[in-house]
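Just so it is clear: chains get the letters A, B, ... in the order the sequence lines come, proteins before strands, and each one is counted from 1.
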Amino acid sequence: MTSAPAPAERAADLRRRIEDANRRYHELDAPDITDAEYDALVRELEALEAAHPELVAADSPTRRVGAVPTGRFAPVVHAVPMLSLGNAFEDGEVADFVRRIRERLDREDLVFSAEPKLDGLAISLRYQDGAFVQGATRGDGATGEDVTANLRTISVIPQQLHGSGWPKVLEVRGEVYMARADFERWNEQARLLGGKVLANPRNGAAGSLRQIDPKLTAQRPLSFYAYGVGLVEGGVLPGTHSATLAKLREWGFPVSDLDAVVHGVDGLLGYYRGIGEARDGLPFDIDGVVYKLDDYAGQREMGFVSRAPRWALAHKFPAQEQTTVVESIEVNVGRTGAVTPWALMQPVQVGGVTVTRATLHNADHVARLDVRNGDTVIVRRAGDVIPEVVQVVADRRPPDAAPWTMPTTCPVCGSEVVREEGAAAWRCSGELSCPAQLVQSLFHFASRRAMDIDGLGERYIESLAEFGYLRDVSDLYRLTLDDLLEMKRRADERDDTTPETVKAGKVATKWAENLLEAIDRSRGTTLARFLNALGIQHVGESTAKALAQWFGDLDLVRRLPWPLFKRVPDIGGEVARAIGHFLDQPGNQQVIDRLLERGVRIDDGHPPDPRLGEGLDLATLLVDLEIPKVTPVRAAQLGAAFADAQALLDAPVHNLVTAGLPAETASALAAWLEIDANADLLLRSARAQERLRGMLPARAEQAAGPLEGKTVVLTGTLESMGRDQAKERLEALGAKAAGSVSKKTSFVVAGAEAGSKLTKAEELGVEVWDEVRLLAFLKQHE
DNA sequence: ATGCCTCGAGTTCA
DNA sequence: CTCGAGGCAT
C-alpha cells in the first residue's frame with residue numbers, strides 16, 4: 001500500500017476516472033469498470049467533496065448525472081431536469097433520510113409515496129393540448145435524445161390523453177421496461193429463428209429504444225409505467241404526488257398498482273420488505289423501491305443537493321445480476337480426473353453475497369459463451385445460490401483477448417489431459433498418481449454418504465497425502481496417533497501461521513484421538529456405503545445401493561464379470577463396463593483386500609435377490625454381452641439350441657446357421673467368439689451365472705413394504721428429522737427416493753420452505769404430503 | 001431414433 | 001443447482 005494521496009489529488013483522480021467511465025459507458029457502450037466499482041468511486045468522491053467543500057468543482061461529475069448524448073438522435077433539452085436519486089442500501093440510511101426531512105420541515109408525521117423501482121429506462125413524454133408530441137431519454141439529465149418515433153410504437157403509452165382537465169403542456173416521466181415473460185418469449189423466438197438474443201430485460205429495453213428504425217422497436221415487447229411529472233404549464237395538478245399519480249391513471253397512463261402511501265421510517269421499511277418478498281413473483285424486474293415525500297410543498301422546501309432531490313430516495317435491493325470482469329480462467333481437477341474450467345472474477349455483490357468465482361462446467365461451455373480473460377461478463381446466482389456466468393458483454397472485450405483453450409497437461413501433476421471420443425469432459429490421465437485425484441477420492445471415501453468419517457476435512461487429507469501418509473484409501477486404516485501428530489507438526493511448520501508450540505500439545509493430541517476414533521467407527525459399514533466409497537465411475541449413492549440390494553455380498557460383487565451387472569435395473573452396458581473395468585484392475589482389488597485386512601467390515605451382507613434368477617440363462621447372457629447383430633430374438637434361438645456356453649463355443653459356424661440364425665448374424669457371432677478375450681468373458685460369465693444361481697434363496701421371502709413400488713421426493717426442511725433420516729425411513733418401507741419430481745412421482749414430502757420441487761409437484765398434480773401426514777404414516781407402518 | 005427421467009459429478013458461500 | 005449422459009420405453 002502506498003501512502004494516501006492528498007485529498008485534492010485524490011479528488012482529481014476520482015473525477016478523471018468517473019468521467020472516463022461515464023464516457024465509455026454512455027458513448028461507447030463499453031465500460032472498463034464494473035457497476036459496483038463505479039458506485040464506489042462516486043461515493044468516495046461525494047464523501048471527499050463533503051469533507052472538503054473547497055474541492056468541489058463546478059463541473060464535478062457528482063453535479064451531473066451521465067455523459068452527453070451520442071448524436072445518433074436529436075438532442076432534447078429537458079425543461080425540468082431528469083435527476084437521479086440518492087441511493088440507500090441499509091435501513092440506517094433510510095432512517096437518516098427521514099430524519100433530515102423531519103428536521104428541516106420540523107414535522108413529526110411524514111407522509112411518503114412509495115413505489116417499486118423498475119429496472120428499465122427512464123423517459124420523459126411531452127403532451128401538448130393532450131396530444132403526445134415528443135419523447136426523450138434521460139441522457140445526462142439535462143439533455144436527452146429524441147426517441148419519439150420509437151416511443152410511439154409502445155401501445156400502452158397514450159397518443160392522446162383520456163378524460164379532461166389536463167394542463168396545456170404536460171411532461172410525464174416514467175420507465176420503459178420489458179416484462180419478464182415478454183423477455184423470455186422474445187429470447188425463445190430469437191434462439192429459434194436466429195434473432196438478437198437479449199442479455200436481460202433491462203438491456204433489452206434500453207437497446208430497443210435506441211434502434212434507429214422504429215419498425216425494429218415496434219417488434220420488441222416493451223411496456224411503460226408512469227411515475228411522475230416534469231414540466232406543467234397552463235393547468236394545475238393536485239398538491240400531492242399520490243394524487244397526481246391517480247390523475248395520470250385517469251388520463252390513460254399505466255401506473256403501478258404497487259404504489260402506496262406510507263408514514264414514517266417504519267412505513268417505508270415495511271413497504272421495502274413487502275415488495276422484497278413479492279419481488280420474485282412480480283412480472284417485471286425491479287432493483288429497489290423509491291420513496292418520495294408526498295406533498296409538493298414539502299418537496300419544494302427540501303430542495304436539491306447538486307444532482308438529486310433531497311425529498312426522494314431509492315432504496316435498493318442487493319442486485320441479483322451484475323457485471324464484473326474475468327481476471328483469469330483456471331481449471332480444477334476432480335475425483336475422476338475431470339478438468340473443469342472456472343472463472344476468477346473481480347469481487348462483485350450479487351444477491352447479497354460477494355461472488356469471485358463461478359464454474360464454467362467444461363470446455364464446450366466456455367466455447368459457447370466465448371469467455372476470455374479480461375472479458376466483462378454478466379453474472380447471476382442460479383436458483384439464487386450458485387454463481388453463474390450468463391453472458392459475455394461482447395463490446396467490452398479488451399482488444400488483445402484470445403480465446404480460451406484447455407491446457408494440454410494437468411496443472412496439478414503434469415499428466416496429459418485427454419478427451420474421450422464424443423465426451424464433453426477432458427480428463428487428467430494421471431489417475432491416483434495425480435495428487436488432485438488422490439485427495440478428491442479420499443475426500444469422497446470419507447464423505448458422509450460413503451464411509452462417513454467425521455472430522456476428516458479436505459485440508460487434513462491434503463496434508464496427509466502430501467507427506468505420503470495416504471497413498472490410497474486403505475492407508476486411512478493404518479494411521480497411528482504418531483502419524484497424525486507428526487503430519488500436523490510438519491504442516492504447521494511449513495505454513496508457519498500457527499503460533500509456535502501452542503497447538504503441538506494437548507490440543508493436537510485430542511484432535512488426533514478424535515480422528516482415529518472416527519476412522520475406527522467407520523470400520524463397520526454397509527455394502528452400499530462401501531461400494532459408493534470406492535468411487536467407481538458412474539456408481540454413486542443410488543447405483544451403489546442398487547448393487548448392494550440385488551447382490552447383497554461383497555465377495556460376490558468383486559468376482560462378477562461385467563455383463564452380470566446388467567441384471568440390475570437401471571444398470572446398462574456403460575455402467576456395467578465401468579464397474580467391471582474397476583474390478584479388473586489388480587490395484588483396486590488389492591485396495592479392497594487391504595481395507596478388509598485393516599478391519600473394515602460389511603455388516604449387512606445377505607443373499608442375492610431371488611428375482612435375479614429370471615435372467616440367469618444363456619440367452620440373457622448373450623444379450624448382455626452386446627455382441628454385434630445378436631438381438632434378443634437371436635439370443636433366444638441360441639439359448640434354445642445350445643446346452644451351455646461351452647457348447648456354443650465349440651460349435652462350428654454351420655451349426656450356428658442350422659440353429660436358425662441368418663448367415664450374417666452367425667458369422668458376426670463366430671467372429672466375435674474367435675477373439676480369445678471374448679470367449680473367455682463368455683465362459684467366466686456363464687460360470688458366474690451358475691455360482692449366482694447356487695446362492696439364490698429358495699423362494700421369495702420379502703415382505704413387501706407398504707410403499708413398495710412408490711417413488712417419493714423429499715423437499716424443504718422437516719422439523720422432526722433430517723431429510724436423510726426421512727429418506728431412510730421411507731426406503732425401509734419399500735419406497736424409492738428420487739431427487740426430482742416428474743409425473744412418475746407417487747408423492748412429494750414437503751417440509752418448510754420447500755422450493756421449486758413443490759411448485760413442480762403442484763404443476764403436475766402430484767400428491768403432496770406435509771410433515772404431519774408423513775409422521776402419521778410412519779407411526780402407523782413402522 | 002427420440003424423448004423422458006434419473007443419476008453422477010462438480011460447485012458456491014456463509 | 002446445473003449440465004451431461006446413461007437407461008429405458010415408445
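- Listed by first and then second residue, the ring-ring contact (aromatic ring centres under 6.0 Å, His included) pairs involving residues 326-367 of chain A are A/His361-A/His365 (not counting sequence neighbours).
- Applying the 4.0 Å criterion to OP1 and OP2 of B/dA9, one finds that A/Arg335 has a side-chain N or O inside that range.
- Taking side-chain N and O atoms only, A/Thr340 has no distance below 4.0 Å to OP1 or OP2 of B/dG10.
- Contacts of residues 365-374 of chain A with DNA chain B (heavy atom under 4.0 Å): none.
- Contact between the side-chain N/O atoms of A/Thr356 and the OP1/OP2 oxygens of B/dT12 is not found at any separation under 4.0 Å.
- Side-chain proximity of A/Thr543 to the nucleotides B/dG8, C/dC3, B/dA14 is greatest for B/dG8.
- Whole-Å rounding puts the A/Ile536 CD1 to B/dA9 C1' distance at 15 Å.
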Output a table of nitrogen or oxygen pairs between the protein and nucleotides 8-10 of chain C separated by less than 3.5 Å.
from	atom 1	to	atom 2	distance (Å)
C/dC8	OP1	A/Asp570	N	2.7

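- In summary, A/Arg202 and A/Glu321 do not engage in a salt bridge, as defined by a charged side-chain N under 4.0 Å from a carboxylate O.
- Across the protein-nucleic acid pair, A/Trp342 atom CH2 and B/dG10 atom C1' stand 13 Å apart, rounded to whole Å.
- Every residue two or more places apart in sequence or in another chain was checked for a side chain to side chain donor-acceptor pair (under 3.5 Å) with A/Gln725, and none qualifies.
- Atom P of nucleotide C/dC3 and atom CG of A/Asp364 are separated by 13 Å, given to the nearest angstrom.
- The distance from the CD1 atom of A/Ile536 to the CG atom of A/Leu531 is 6.0 Å, given to the nearest 0.5 Å.
- When the nearest nucleotides of DNA chain B are assigned to A/Ala338 and A/Val355 by heavy-atom distance, the more 5′-ward of the two goes with A/Ala338.
- Between A/Asn332 and B/dT11, a side-chain N or O to OP1/OP2 separation shorter than 4.0 Å is present.
- Within the 4.0 Å cut-off from OP1 or OP2 of C/dG4, at least one side-chain nitrogen or oxygen of A/Asn362 is found.
- Between the CZ atom of A/Arg357 and the C1' atom of B/dA14 there is a distance of 14 Å, rounded to whole Å.
- The one candidate from A/Asp617, A/Asp624, A/Asp609 that meets the salt bridge (charged side-chain N to carboxylate O under 4.0 Å, His left out) condition with A/Arg567 is A/Asp624.
- Partners of A/Ser746 according to the side chain to side chain donor-acceptor pair (under 3.5 Å) rule, which considers only residues two or more places apart in sequence or in another chain, do not exist here.
- In this structure, A/Leu714 places its CG atom 14 Å from P of B/dT6, rounding to the nearest Å.
- Taking CG of A/Leu547 as the start and CG of A/Leu527 as the end, the distance is 8.0 Å to the nearest 0.5 Å.
- For residues 573-584 of chain A, the set of pairs meeting the side chain to side chain donor-acceptor pair (under 3.5 Å) definition, not counting sequence neighbours, comprises A/Arg577-A/Glu626, A/His581-A/Gln585.
- With C/dG7, B/dC13, B/dC7 as the candidates, the nucleotide lying closest to the side chain of A/Glu574 is C/dG7.
- Rounded to a whole Å, the CZ atom of A/Arg449 is 13 Å from the C1' atom of B/dC7.
- The CD1-P distance, from A/Ile579 to B/dC7, rounds to 15 Å in whole Å.
- Nearest to the side-chain atoms of A/Lys743 among the listed nucleotides B/dC4, C/dC3, B/dG10 stands B/dC4.
- Within the nucleic acid shown, A/Lys736 comes within 4.0 Å of sugar-phosphate atoms alone, with no base atom in reach, counting heavy atoms only.
- Residue A/Ser742 places at least one side-chain N or O closer than 4.0 Å to OP1 or OP2 of B/dT6.
- A salt bridge links A/Arg419 to A/Asp364: one of the charged nitrogens lies within less than 4.0 Å of a carboxylate oxygen.
- A/Ile579 pairs in a side-chain contact (heavy atoms from CB on, under 4.5 Å) with only one of the listed residues (A/Leu564, A/Leu560, A/Leu534, A/Val539), which is A/Val539.
- Atom CG in A/Leu547 sits roughly 12 Å away from atom P in C/dG7 (whole-Å rounding).
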